[in-house]
Amino acid sequence: MSKRWVRLTYLAVVAGVFIWLLWRERDEIGELLRSARPAWLAAALVMSFGMIVASAGFWSAVISSAGPRLSLGESTRAAAQSLPARYLPGSVWYAAGRVGVLATGGYGTALLTAAAGMEMILSLAVAALIGLPLLLATGDSPGWALAWVLVAVVVIASLQPLGNRLLGWWERRRSSGAVSIPRRGYVAGLCWMVAFWVWSATTFWVFLQGFPAGDFGDGFLRVVGAYMVAWSIGFVTPFAPQGIGVTEAVLAGLLGSGDPLGIVTIVAGYRVMILIRDTAASLIGGGWRGARSATPPRSPGKG
């Protein structure tokens, strides 16, 4: 059976189980939804756009340190335009889409590919390095948490020099000029990655406050740590596009909620909110690109 059919079968099973649970627990879920606080949910939606900016900041910092300057605005536009690729099977297409968009702007493919790979690896390492210690500090974490924290430290420390070695090898094969990512660019990208995860987890916490009827709260730090760990595990699960089903199950387990179905329902609602954000951002990004293309360049010496 091909990977495509494995993913489709998995999604069909997850959808079937979720629909059955929704029907079986419809009264409790109805109460949960009726108690929702729209102001908190709206705040989470607005905050979710900051996640796109933080992700774009990583690319801007890394690319600008090693090649032509990539402004935060241009990087954010490329990120917004690439958002539909997040919904393709596999976890690499969002980054690949951004490589394609930025490559048309004259940025080197090797450098863009290195930034994409670095983003995916560093994202998982940072999530583990922040999320797992938070779970350890709250007294309830998986037994493998400390080992993964150590692995994350090693990955973060070695990723930049290893990435530069691979870049050098690639450029030598192409007989072109050497490209490397300076340490300052890597550190700046690392700071943006930390900001991305902290902002993303805080956005989820705000979304969670929109459902006061649910017994989900174990404190801000525990929710933030559980979010980072659950979403990173979902990201690396090959048969679960966007971690669907896996993220929800891990979150329910880590939060120790008395209402696991409530957590699953809320995370499903959170995914819907992100879909709304992605649709709006991709439309805005496409319109932004069209406006820039339609604007004639200024003549030298004017303006």
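Computed from a prediction, not measured in an experiment: that's the story for all the values here. Hydrogens, waters and symmetry mates are skipped; everything else that's a heavy atom, side chains included, is used.
- Side-chain N or O atoms of Ser82 include none that pairs as donor or acceptor with a backbone N or O of Tyr94 at under 3.5 Å.
- Between the Ser60 side chain and the Ala56 main chain, no donor and acceptor come within less than 3.5 Å of each other.
- A single hydrophobic cluster is seen to contain both Phe204 and Phe220, as judged by linkage of ILVMFWY side chains at heavy-atom distances under 4.5 Å, directly or through other members.
- Closest approach of Trp192 and Ala61 over heavy atoms only: CD1-CB, 4.0 Å.
- Val206 and Leu275 fall within a single hydrophobic cluster, where Ile, Leu, Val, Met, Phe, Trp and Tyr are joined by side-chain heavy atoms under 4.5 Å apart, directly or via other members.
- Residues Leu41 and Phe211 form a side-chain contact, since some pair of their non-hydrogen atoms from C-beta on lies under 4.5 Å apart.
- Looking at heavy atoms from C-beta onward, Tyr186 lies out of side-chain contact with Ser65 at the 4.5 angstrom threshold.
- Atoms CG and CD1, from Leu112 and Ile63 in turn, are 4.5 Å apart once rounded to the nearest 0.5 Å.
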Assess the residue pair Val198 and Val224 against the criterion (side chain to side chain contact (heavy atoms under 4.5 Å, CB included)); give the C-alpha distance rounded to whole Å, side-chain angles, the decisive distance to 0.1 Å, and a yes or no. CA-CA 8 Å; Val198 171; Val224 167; over 6 Å; no
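- You'll find the side chain of Trp59 reaches within 4.5 Å of the side chain of Leu102, heavy atoms only.
- Under the 4.5 Å side-chain criterion, counting only non-hydrogen atoms from C-beta, Arg222 is in contact with Leu135.
- Proximity of Trp205 to Tyr227: side-chain heavy atoms (C-beta onward) are nowhere separated by under 4.5 Å.
- A donor-acceptor distance shorter than 3.5 angstrom exists from the side chain of Ser48 to the backbone of Leu45, with no hydrogens or angles considered.
- The two atoms that bring Val101 and Thr104 nearest to each other are O-OG1, 2.5 Å, heavy atoms only.
- Scanning all heavy atoms of the two residues, the minimum distance from Ser200 to Tyr270 falls at O-OH, 3.8 Å.
- Heavy atoms only, all atoms of each residue included: Arg98 and Ala79 are closest at NH1-CB, 3.6 Å.
- Put simply, CG on Leu254 and CD1 on Ile233 are 6.5 Å apart, with the number rounded to the nearest 0.5 Å.
- Thr203 and Arg277 form no side-chain donor-acceptor contact under 3.5 Å, judged by distance and modelled atom types alone.
- Residues Val62 and Leu70 have side chains not in contact (no heavy-atom distance under 4.5 Å, counting atoms from C-beta outward).
- Separating the CH2 atom in Trp197 from the OG atom in Ser232 is a distance of 5.5 Å, to the nearest 0.5 Å.
- With Ser282 contributing its side chain and Thr279 its backbone, the two residues share a donor-acceptor pair below 3.5 Å.
- Interatomic distance, CD of Gln81 versus CG of Leu283, reported as 11.0 Å (0.5 Å rounding).
- A heavy-atom distance below 4.5 Å is found between the side chains of Val229 and Leu132.
- Rounded to the nearest 0.5 Å, atoms CH2 (Trp231) and CG (Leu124) are 13.5 Å apart.
- Side-chain atoms of Trp199 come within 3.5 Å of backbone atoms of Met47 as a donor-acceptor pair (strictly under, hydrogens ignored).
- Remark: the backbone N or O of Met51 is not paired with any side-chain donor or acceptor of Ser55 at under 3.5 angstrom.
- Closest of all the heavy-atom pairs between Met193 and Val126 is CG-CG2, 3.7 Å.
- Here the straight-line distance linking atom CG of Asp278 with atom CZ of Phe49 works out to 8.5 Å at 0.5 Å rounding.
- Here the shortest heavy-atom pairing between Ala95 and Glu119 reads CB-OE1, 4.3 Å.
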